Number of protein chains: 2
Amino acid sequence: MPETARRTDRFSGTRYGNRPTMKDVAARAGVGLKTVSRVVNGEPGVTPETERRVQEAIDALGFRRNDSARVLRKGRTASIGLVLEDLADPFYGPLSRAVEEVARAHGALLINGSSAEDPDREQELALALCARRVDGLVIIPAGDDHRYLEPEVKAGVATVFVDRPAGRIDADVVLSDNFGGARSGVAHLIAHGHRRIGFIGDMPRIHTAAERLRGYRAAMEDAGIPVEDSWMSLGVTDPERVRRAAEDMLTGPAPVTAIFAGNNRVTVTVVRVLAEQSRRVAFVGFDDIELADLLQPGVTVVAQDAAALGRTAAERLFRQLDGELIAPERIELPTRLITRGSGELPPAD
Amino acid sequence: MPETARRTDRFSGTRYGNRPTMKDVAARAGVGLKTVSRVVNGEPGVTPETERRVQEAIDALGFRRNDSARVLRKGRTASIGLVLEDLADPFYGPLSRAVEEVARAHGALLINGSSAEDPDREQELALALCARRVDGLVIIPAGDDHRYLEPEVKAGVATVFVDRPAGRIDADVVLSDNFGGARSGVAHLIAHGHRRIGFIGDMPRIHTAAERLRGYRAAMEDAGIPVEDSWMSLGVTDPERVRRAAEDMLTGPAPVTAIFAGNNRVTVTVVRVLAEQSRRVAFVGFDDIELADLLQPGVTVVAQDAAALGRTAAERLFRQLDGELIAPERIELPTRLITRGSGELPPAD
DNA sequence: CGCGCACATGACAACGTTGTCCAGGCTCTA
DNA sequence: TAGAGCCTGGACAACGTTGTCATGTGCGCG
């Protein structure tokens, strides 16, 4: 296909298909190319009369500056990338929104994508964003080896990891206190008399899941309670299997009297299972969920502040971009135990 | 500042600051620029031996193709823009995710931003995305005049509106059946014996809100019930004022025996208020909410399929981009009444 | 043995913008 | 009134990539 046919588009008749350029605007306004550039960018050195003529041509032609060319020339894109696990997860909504707000305050756009917890997809996405020359990256890691980002970081791409630490690379990280949060949640159950406490969480290869498991173990150990394997379910998140795991813990010779859930998705399923039980089983979940206060009993949770995670990470990112030469740091945000009833039930055995 | 100093960055020591280009790779591999381009793009006509040498240079230098330059040359960005109202709203999470999935299937990235229900911000965002030369736009309109997009559409930017119709421009629109859904929800309450039914919704300038209000009125009229002004609250969404509106309807000489909520945010607040009442008040809400089945009573809702909205819109967008010459169309997706208890309560007066 | 042909490779222009630099016209002052 | 200085505006190169086209090499076949 000849080069000149490239721009033909699917439209017929009056549709243009070719966008006007500064050159076109300049021709129409009867001025030089650079003068148009000056007007578009609000640079000084143009008489009001010239500016008016240029502006008129811009409006008439429907000119819009081509930022690709601008980026190519200037080196900065004024956009940042966000790689997260799942846009549809209610936990990440406020986080992305917070990142977006900070980006907006700095005049940057947000490009984002979901890794679906797949390390390859995370890498593919992150590198695609780098190819677009985003100024910075906020990453919620799916994988545990981020050496593939080394050339990017060296080339000046600001990078901050959120929610989970980076693997094999020295970078800023913003985390919740998963260990401490889980520990205090489980300790809360213990303080209310429980000893046989179940734990249902995600795969321990996910850092947050591992930390929360560690918190569970620590609380149990603090209280001198040996943990039985049958009390723990690791690596299940789909509703069906979580349901079965919960039911298993609640039956048998020495059933648990309380359950600690490792994340919001597990929580909603376990809460459903517990609602079906005749026996009252205590419950504490990691991550807050909507309407938790309206259930009977209210759902006690260890809440993390997703928006604060996103905001902190993004601010850190722009501090890197603003040239504040800061050594990579690990920032840990506190969690908050919210008691609503389910975690204060006494053991029923 | 001299042009050559432009690339100095905040890093010291071994940091590079300059990204290698194809030229650098070519020099290192001892081949021509175009050969590198061929290897990077997997074009034929390169001997395995040459390809190996080039690949080696690429890895050694940490080269990553600059997509800005590529876009400038090729005209297509392989990215689409999504302008929505609030990323943090649980309704839009699945919608964005669906758009993203379709984009991914077509090899495109997603750039998105929240308009925060502000028409100016919507326009600013949409135009910024156009300046980046996104191939297409999915817009959840905040404003009601989209003529500002005319030059873009003419220039070939595929455009689809979702959730609410476009204003003053002829374009594809994907909507839920807001009118029919609300009408059936209210009819459901009427069928259970209610006559004094309250409606709490968003500002009628928002299309979805207006349609749902219209559905409410239609259902009431179908049943021959004159609507009292005091039964309707329009334009309030913040929890405090929704709470007051609901409480007002429930007091006075002829209190409502049922409430219909116009969206998910109103629903969560009204459900809270109703939980505090001694009297049982029937309730139906527009939009499904998580854990609605676990509340006492379960929350009856008119559910729309957010993911389907996003998927349909995105698919439509790519059909435009794939050159299927299709006249703008209005697609309406059905809603579904999910009965869980709250909508089946009899009037208590 | 020579001709043409296929194939690998590279030189070069172009994409649309911005930074640099220079020209021309103006004002102000000596 | 001439020279200095300022202000406006334009010519031109460069950003990194890809499409086009030309070149060179080696091979098969008549």
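Below, chains carry the letters A, B, ... as their sequence lines are ordered, and counting in each starts from 1. What you see is a predicted model; the values in this text were computed from it and never measured.
Across all strands, A:Arg38 comes closer than 4.0 Å to base atoms (heavy-atom distances). Among the heavy atoms of the strands, none lies under 4.0 Å from A:Asp67. A:Val31 comes within 4.0 angstrom of the backbone, heavy atoms only, and of no base.
Phosphate proximity of C:dG16 to A:Arg19: absent, as no side-chain N or O sits under 4.0 Å from OP1 or OP2. The phosphate of D:dG10 (OP1 or OP2) has a side-chain N or O of A:Thr35 nearer than 4.0 angstrom. At least one side-chain nitrogen or oxygen of B:Ser37 sits closer than 4.0 Å to the OP1 or OP2 atom of D:dT18. Using a 4.0 Å cut-off, no side-chain N or O of A:Asn66 falls inside it from OP1 or OP2 of C:dC15. Put simply, A:Lys74 has a side-chain N or O that comes within less than 4.0 Å of OP1 or OP2 on C:dG19.
If you check residues 44-58 of chain A against DNA chain D, the residues with a heavy atom closer than 4.0 Å are A:Gly45, A:Val46, A:Thr47, A:Thr50, listed by number.
In this structure, the CZ atom of B:Arg76 is 15 Å from the P atom of C:dG16, given to the nearest Å. Whole-Å rounding puts the B:Leu33 CG to D:dG16 P distance at 11 Å. Between the P atom of C:dT9 and the NZ atom of B:Lys34 lies a distance of 13 Å, rounded to the nearest Å. A:Met22 has its CE atom 20 Å from the P atom of D:dA14, to the nearest Å. Look at NZ on A:Lys23: it is 9 Å from P on C:dA14, rounded to the nearest Å.
Partners of A:Arg164 under the side chain to side chain donor-acceptor pair (under 3.5 Å) rule, at least two apart in sequence or in another chain, are A:Glu117.
Taking the side chain as every heavy atom from C-beta outward, B:Thr159 and B:Ile169 never approach each other to under 4.5 Å. Residues A:Arg19 and A:Asp24 are not in side-chain contact: their nearest non-hydrogen atoms beyond the backbone lie 4.5 Å or more apart. In this structure, A:Asp118 and A:Glu124 have side chains that are not in contact, with every pair of non-hydrogen atoms separated by 4.5 Å or more.
Using a 4.0 Å cut-off between a side-chain N of Lys or Arg and a carboxylate O of Asp or Glu, B:Arg104 and B:Glu100 do not qualify as a salt bridge.
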Restricting both atoms to N or O, compile the protein contacts to nucleotides 23-28 of chain C shorter than 3.5 Å, with distance only.
none

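For B:Arg73 against D:dG19, no side-chain N or O and base N or O form a donor-acceptor pair under 3.5 Å.
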